[in-house]
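Heads up: the structure comes next, in structure tokens.
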Amino acid sequence: MAEKKKLRIQDLAKIREKTKALTTIRESEGRAKITVHMGTCGIAAGAREVMEALLAEIRKNKVQDVIVATSGCAGLCNREPMATVEFKGQPPVKYADLTPQKIKKIFAEHVLCGRLVPEYALAVGSETVY
Amino acid sequence: MITFRMNGLEVSAEEGWTVLEAARFYGLEIPTLCYYEGLSPYGGCRLCVVEIGHGPKSKLVSSCTYPVEPGLVVRTDTKRVIAARKMMIELMVSVAPSSKVLQDLASQFGVTKVRFEPRREECILCGRCVRMCAEQMDGKAIGFQQRGYKKKISTPFDLKSAECRLCGGCIYVCPVCQLRCQGPKAETVLCNGCLAMDPTCLDHYEDLQCWMYDAGRCGTCVREKTGSRP
Amino acid sequence: MKHYRAHLLVCAGTGCVSCGAFKIKEALEREIRKRKLQDEILVIATGCNGFCERGPILMVHPDGVFYQQLTLEDIPFLVEEHLIKGRPVKKLMYIPPAEKDPIPRMKDIEFFKHQRLVVLRNRGRIDPEKIEEYIAFDGYEALAKALAKMKPEDIVAEITASGLRGRGGAGFPTGKKWAAGHAAKGSPKYIICNGDEGDPGAFMDRSVLEADPHAVLEGMIIGARAIGAEKGFVYIRHEYPLALKRMAIAIDQARDYGLLGEDILGTGFAFDLEIVTGAGAFVSGEETALIASVEGRIAMPRQRPPFPAQKGLWGKPTVINNVETWATVPNIILRGAKWFSGLGTKTSKGTKIFSLVGKINNTGLVEVPMGITLRDIVYGIGGGIPDGREFKAVQIGGPSGGCLPAKLLDLPIDYESLTEVGAMMGSGGMIVMDDKTCMVDIAKYFLNFLRDESCGKCVSCREGTQRMWEIVKKITEGTGTEADLALLEEVARTCKDASLCGLGQTAANPVLTTLQYFRHEYEAHVLDKRCPAGVCKALIRYVVVAEKCTGCQSCKNACPTQAIKGTLKDVHLIDQTKCIKCGACQEACRFEAIEARREEAIAIV
């Protein structure tokens, strides 16, 4: 987008594709939402590194339609770092005891392909609905 | 040829004529002040307003600037027009009471009171002088400055003009520069002297000599009407 | 495009900027860098969010959380709590007056809930200085459709079918104007955007230009195609520096991308435009005066016909439309005339932006569908009158409009219904007044504005506004008579009838509507020599109510002219010869012991 060439009509759609992240985040219209729990316990346990790894994956795969959010402590402090993955219309899935490697796998399997990763999952469903 | 209606009559005019020109052609009297033949029309004094259109959509427009169009319906002397004319004259007399032209108009249209505090600025911003200087004398030495109640006519930055050739054209066309006669009550805001007098000129002349043409020149208006003033 | 997990949108409309929005943005960026979050969180400055009462404003996305009245001290805490720990900060959220719980999400707040954003769809949502963000939200799609799939006649037909009427004030059917421009003979043809918003209290056009300049550009390019114009001008008053800056940036970016200039979007259509800055006159918002101003002449209107669509700028066919009108066009082309005409009333389609100001809780900019009632705007969106005061009147349409009383609160807003009651839609300024406002004083204020802004060409307006102001001033000073009232009405009617342009023709509206709906106030000033609202200084006298005075000396200390005498614990007395009626004593008194009473008599020596 840095090079300023004269646009043709089809270029408009291309720019929209490239900037899809904008609409996703500002309209809160993502395909999926990943919440990384970052209460004091979570941060102490390494939630920041998990968050960074997740964002690196998103950038690497040039994914534009997921929302990443943070939230306070989820309650289960001895299982931190935790993350919740929610797809629109489906019950949320909570993952626990995370590391940067584990979040990479969860991203590849669950977020990209839609396949839950049972060995890292803690519970399915909760009081919040996305 | 464009046909339209004026005061109920069906009339024709050439394309490009204004309603005022058509009215004058047909002998209909519409008073003017800022209009001067030979200069471009300005539409500022609002004396020449006429009512066009029908019913609730009718409106007043200045006839000196309104071009004739087919199907137009014009009325030159409706209630709204008369009220507007009288108010314009009243407003202008309160600004320039020393003008013969304005005093004559006041008598002509029955303006018998001026209810505003006189300002005696002696310029009614009709713009005749500006247009005369620019259009006929090719001088462009004077123009309008400021806006609204602060508007005035002057040279650029009020400096002595290098363009002005002292031709006197501006004074010639100025309606205020034509000073009023020094008749009865000369120092009042509104004279109306002619309304109170009995024209004696018909004792001496075949035609009426008074304010419709040249007030005071003939010198025969000396008798005051007995009884109350109008 | 780099992926950020959160976007912080700082409102940077002129209102919030004057409250320090750019400093807030810098503080956010500093704090984010300090916490090493700069690769995760994006901070941008948007145009006006609309809820101007509560600035500085910050929106956090994707959460949709609305923060208001921020200070620099709040920033570190906000970043720590919300952005790192994920706990939105309750004390910085909006709490409706008279309630206790904050409302975190913007879309749940009353002020925003009832609005219908069409022209303002991008407000607070995009960085107006980045064309890519405009394109991301379907920007320039309408232009692509108009150039590739529609003929100029089709575009004109679509605008006509939508029922769009000029948003500058007069409400002239836009389709009709475009059809005239399309059919006019002459070349080259021009289009002009009228951004000379002059009404006191109105800032709709400013906000559109600051928040979404590309919407205006897109509308103008589409219009140029429909009419056959190759050059356009965006006329913005010089009192709007931020709007001028953002429009200039927008035009440069559009040109870089080939959306202006030769061969737009590869369709062969050529059109370009430039900005013209106003020179400080309200009258240059009038079509013909604006044209004179662009031509470099003094801004004085001329009579129409000939209309600008036939003979406008430099004698060529010119179509002039207001900022809001141009910004509505892309929506109509993209979503269809049928969709647009589904909003609003039978004669007034679509939405309208109003600037809600004055004595109202929720000051700001609102866009609502036509047909909404005044009551819904004042009480629903506006949140009612502050300090528990009573609604008295709402002035709609700026100095050309009228003051409507409480009994007309259920009037649906559309062009015809407002004209019927003597007011006017105008450009959309809406000034709410409470019972401490004197309507005669308001008439005086607007007349003072108009006599200053009148171009001075025609006698009826120049002298009319001056004389009307003199009479109303007399009335507020207590020397008015009944004959003055009759004269005022007469001058007002003539000014309305005989004036050359819209300014003069509507200059009498403030007087005529206040005389119609608030005649009792005029009569109180004239017959009783009393100002019921306690505003006109010559007609009130401040006195100490002996029974309530505790002798605390607060008033004495507050008085700037030492007009109050009294010792501690004794009833105080105001010396009327020294009193300048500033009201400071009344404000300082905690026991409501100072009253503004009517003058007993005005001695004329």
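Below, chain A is the first sequence line, B the second, and so on; all start at residue 1.
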(request) For side-chain contact (heavy atoms from CB on, under 4.5 Å), just list the numbers for B:M87 and C:V459, CA-CA rounded to whole Å, side-chain angles, deciding distance to a tenth of an Å, and then say yes or no. (result) CA-CA 10 Å; B:M87 180 56 74; C:V459 175; over 6 Å; no
(request) Flag the pair B:F144 / C:M300 as yes when at least one side-chain heavy-atom distance between them is below 4.5 Å, and no otherwise. (result)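 Yes, close enough: below the 4.5 Å cut-off.
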(message) Quick one, C:K457 and B:L125 - any side-chain contact, counting heavy atoms below 4.5 Å?
(response)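 Sidechains of B:L125 and C:K457: no contact.
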With only heavy atoms counted, which part of [X] is less than 4.5 Å from chain B, the side chain, the backbone, both or neither?
{"X": "C:A281", "result": "both"}
{"X": "C:E490", "result": "both"}
{"X": "C:R462", "result": "side chain"}
{"X": "C:S499", "result": "backbone"}
{"X": "C:R302", "result": "neither"}

Would one find more than 12 heavy atoms of other residues, nucleotides or ligands at under 6.0 Å from atom [atom1] of [X]?
{"X": "B:D158", "atom1": "CG", "value": "yes"}
{"X": "B:Y26", "atom1": "OH", "value": "yes"}
{"X": "C:E482", "atom1": "CD", "value": "no"}
{"X": "C:L527", "atom1": "CG", "value": "yes"}

Out of [options], return the one with the most heavy atom pairs under 4.5 angstrom to chain C.
{"options": "B:E69, B:E90, B:R119, B:K59", "answer": "B:R119"}
{"options": "B:A83, B:S94, B:C34", "answer": "B:S94"}
{"options": "B:L91, B:L47, B:I124", "answer": "B:L91"}

Per-residue contact mode, [X] against chain C (heavy atom under 4.5 angstrom):
{"X": "B:A84", "value": "both"}
{"X": "B:V81", "value": "neither"}
{"X": "B:R115", "value": "both"}

For chain B, which of [options] has the most heavy-atom pairs under 4.5 Å?
{"options": "C:L450, C:L500, C:D484, C:V491", "answer": "C:L500"}
{"options": "C:P306, C:S454, C:A483, C:G464", "answer": "C:S454"}
{"options": "C:Q466, C:E463, C:R451, C:R493", "answer": "C:R451"}

(request) Please round to the nearest 0.5 Å and tell me the distance separating atom OG1 of C:T465 and atom OH of B:Y149. (result)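 One gets 10.0 Å once the value is rounded to the nearest 0.5 Å.
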Check whether [X] reaches the backbone of [Y] with its side chain - one donor and one acceptor, N or O, closer than 3.5 Å.
{"X": "B:K151", "Y": "C:C455", "result": "yes"}
{"X": "C:R467", "Y": "B:E117", "result": "yes"}
{"X": "C:Q303", "Y": "B:S62", "result": "yes"}
{"X": "B:R46", "Y": "C:S460", "result": "no"}

(request) Could you pull out the closest heavy-atom pair between B:M88 and C:T494, with the gap in Å? (result)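 Between these two residues, the closest heavy atoms are CE-CG2, 3.8 Å.
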(request) Report, by ascending residue number, the residues of residues 4-20 of chain B in heavy-atom contact with chain C at a distance under 4.5 Å; give 'none' if the set is empty. (result)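 The residues closer than 4.5 Å to chain C amount to none at all.
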